[in-house]
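Lettering of chains follows the sequences in order, A, B, ..., and the numbering in each one begins at 1.
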Number of protein chains: 2
Amino acid sequence: MGACVGSHYHVRNKADFLRQGERVSGLHILTKGWACRLLILPDGRRQIAGFLIPGDICMTEVPDVYLDFSLSSLTDSSYLSLTNDTLDRLRTAYPPVRKGLALHDHVISAILRNWVVNLGQRNAFERIGHLFCEMLLRLRCIGMAENDTYHFPVTQIELAEATGLTPVHVNRTLQDMRARGLVSLQNRELKILDFARLANLVMFDPGYLHPVEDGCMRND
Amino acid sequence: MGACVGSHYHVRNKADFLRQGERVSGLHILTKGWACRLLILPDGRRQIAGFLIPGDICMTEVPDVYLDFSLSSLTDSSYLSLTNDTLDRLRTAYPPVRKGLALHDHVISAILRNWVVNLGQRNAFERIGHLFCEMLLRLRCIGMAENDTYHFPVTQIELAEATGLTPVHVNRTLQDMRARGLVSLQNRELKILDFARLANLVMFDPGYLHPVEDGCMRND
DNA sequence: CGCAATATTGAAATAAGTCAAACCGTGTGG
DNA sequence: CCACACGGTTTGACTTATTTCAATATTGCG
């Protein structure tokens, strides 16, 4: 590493490293582990509005704004913090960076819109199945999924918070998926046993993930 | 208007002016009317993932990407199209533009995250009430709401598509709100009769809208 | 005027929620 | 090495918000 471009932080499992209500600036990139974007209502209801995996930008570069969500780690994680200045220099030195960031932004918001569709239109089975498919493709893109199998550190409680369901109902739905031979999930290891059938059942269409060069989209 | 910075288009009521699956580039700003971001599943289920009012950017500037949603007008509308080049020139000529766009982006995505919370955690009453509050503040900001009253061109069917509910249930929930003296809605005219109580009932916290200068947030 | 799109109503069905208890693995401390 | 506490998972019985279906008003518009 040459010049100092920012700081690298490590966070323990289950820790908020950016907090709802705080003001932040700069750009933060998750470099290791899983995290999630968490929104908490005054009465304690919790909603996860996205999972982050290595390479994901925690928040778009914005000049000092109030945060409407927390970033909470789901495993031991690390992230890189760039100041706005650093980012500016980076952008002028390497113009393609701008385009890259804009594209990443667009994909992130497309994923978020899909989350809205998930919650608004799909039933429990579809919601969970869809999430499993999405994470498979995203993890495959960064070399963290082999053979339709990946490390899935999300507890059923968190899965419930992400899908707007009850932990109890998540549990029953998972059992249904297992019984149908679609997935196996044990010891935080998720194996999608029949991706084609699952994707079909939940009408998963990967278009919104913008398969770059379609290098990560292959299923063979 | 001096030099040509882009084109101005007019669209009729209930028309898609950007379509899911198409490739777009440039930046589009709604200048008149209401529109919505609409996602349609292969089997026809429809989810509205956001309402747009004058001044809203239909899509962040992105270089030629696939669209995961349609932009559909809810009234006769107009929008302004800027090419990426124009935008670049604008940005270099008026540096604050960059910051302004970044901020707008951030608010848009905060609204979207709130939409996720709405669908995931809130019941029918809260979902609809929350939407009413949000639109009041946003419209007030652009001078399109007076006395907690505004033009609301959204049909109950569309309201159902936005809240992930059934038109039937939306109807019953609206009646409940009317019966409680919270709102009146007739002839596309929405009047919030008791904003304080409604906001309280649905736990509306305007923070995520980033009240600039808090000029639009006053309730008196 | 008359059609088509909305809005409203009622009754019955169901997906998901609630409550509460039991179970299981695992790490810790006596 | 056992006990036991802790976080997570699983199970059962019951309740409820919301959906579904289907019919009837109502409104706006060409």
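- Rounded to whole Å, atom P of C:dC24 lies 17 Å from atom CZ of A:Arg188.
- A salt bridge links A:Asp148 to A:Arg140: at least one charged side-chain nitrogen sits closer than 4.0 Å to a carboxylate oxygen.
- Ring-centre distance between B:Phe152 and B:Phe132: below the 6.0 Å cut-off.
- Contact annotation: A:Lys14 side-chain N/O to D:dG8 OP1/OP2 distance is under 4.0 Å.
- A:Thr155 comes within contact range of the sugar-phosphate backbone alone, with a heavy-atom separation under 4.0 Å but no base atom that close.
- Using the six-membered ring where Trp is involved, A:His130 and A:Tyr208 have ring planes that are parallel, under 30° apart on the 30 and 60° scheme.
- Taking atom CD1 on B:Ile157 and atom P on D:dT19, their separation rounds to 14 Å, with Å as the unit.
- Under 4.0 angstrom from either OP1 or OP2 of C:dT9 there lies at least one side-chain N or O belonging to B:Gln175.
- Two rings, from B:Phe17 and B:Tyr79, have their centers less than 6.0 Å apart.
- Annotation: of the two residues near DNA chain C, B:Glu158 and B:Val168, the 5′-most nearest-nucleotide partner is B:Glu158.
- For the pair A:Phe152 CZ and D:dG8 P, the interatomic distance rounds to 14 Å; values are reported in whole Å.
- Rounded to an integer number of Å, the gap from B:His169 NE2 to D:dC21 P is 17 Å.
- For B:Asp76 and D:dC29, the CG to C1' distance is 14 Å, given to the nearest whole Å.
- Taken residue by residue, residues 113-130 of chain B places heavy atoms nearer than 4.0 Å to DNA chain D at B:Asn123, B:Ala124.
- Salt bridge annotation for B:Lys14-B:Glu158: present, with a cationic side-chain nitrogen under 4.0 angstrom from a carboxylate oxygen.
- Nucleic acid contact class of A:Arg178 (heavy atoms, under 4.0 Å, all strands): sugar-phosphate only.
- When the side-chain nitrogen and oxygen atoms of B:Asn171 are compared with OP1 and OP2 of C:dA7, none of them lie within a distance under 4.0 Å.
- Atoms CG (A:Leu165) and P (D:dT9) sit 15 Å apart, rounded to a whole Å.
- Annotation: of the two residues near DNA chain C, A:Thr173 and B:Arg172, the 5′-most nearest-nucleotide partner is B:Arg172.
- Residues in residues 36-53 of chain B take part in these side chain to side chain donor-acceptor pair (under 3.5 Å) pairs, two or more places apart or across chains: A:Gln121-B:Gln47, A:Glu126-B:Arg45, B:Asp43-B:Arg45, B:Arg46-B:Glu161.
- Among the atoms of the strands shown, only primed sugar atoms or phosphate atoms (P, OP1, OP2) are found under 4.0 Å from some heavy atom of B:Asn187.
- What separates CG of A:Leu185 from C1' of D:dG8 is a distance of 12 Å, to the nearest Å.
- Rounded to an integer number of Å, the gap from CD of A:Gln186 to C1' of D:dT9 is 13 Å.
- Counting non-hydrogen atoms of neighbouring residues, nucleotides and ligands closer than 6.0 angstrom, the CZ atom of A:Arg19 exceeds 12 such neighbours.
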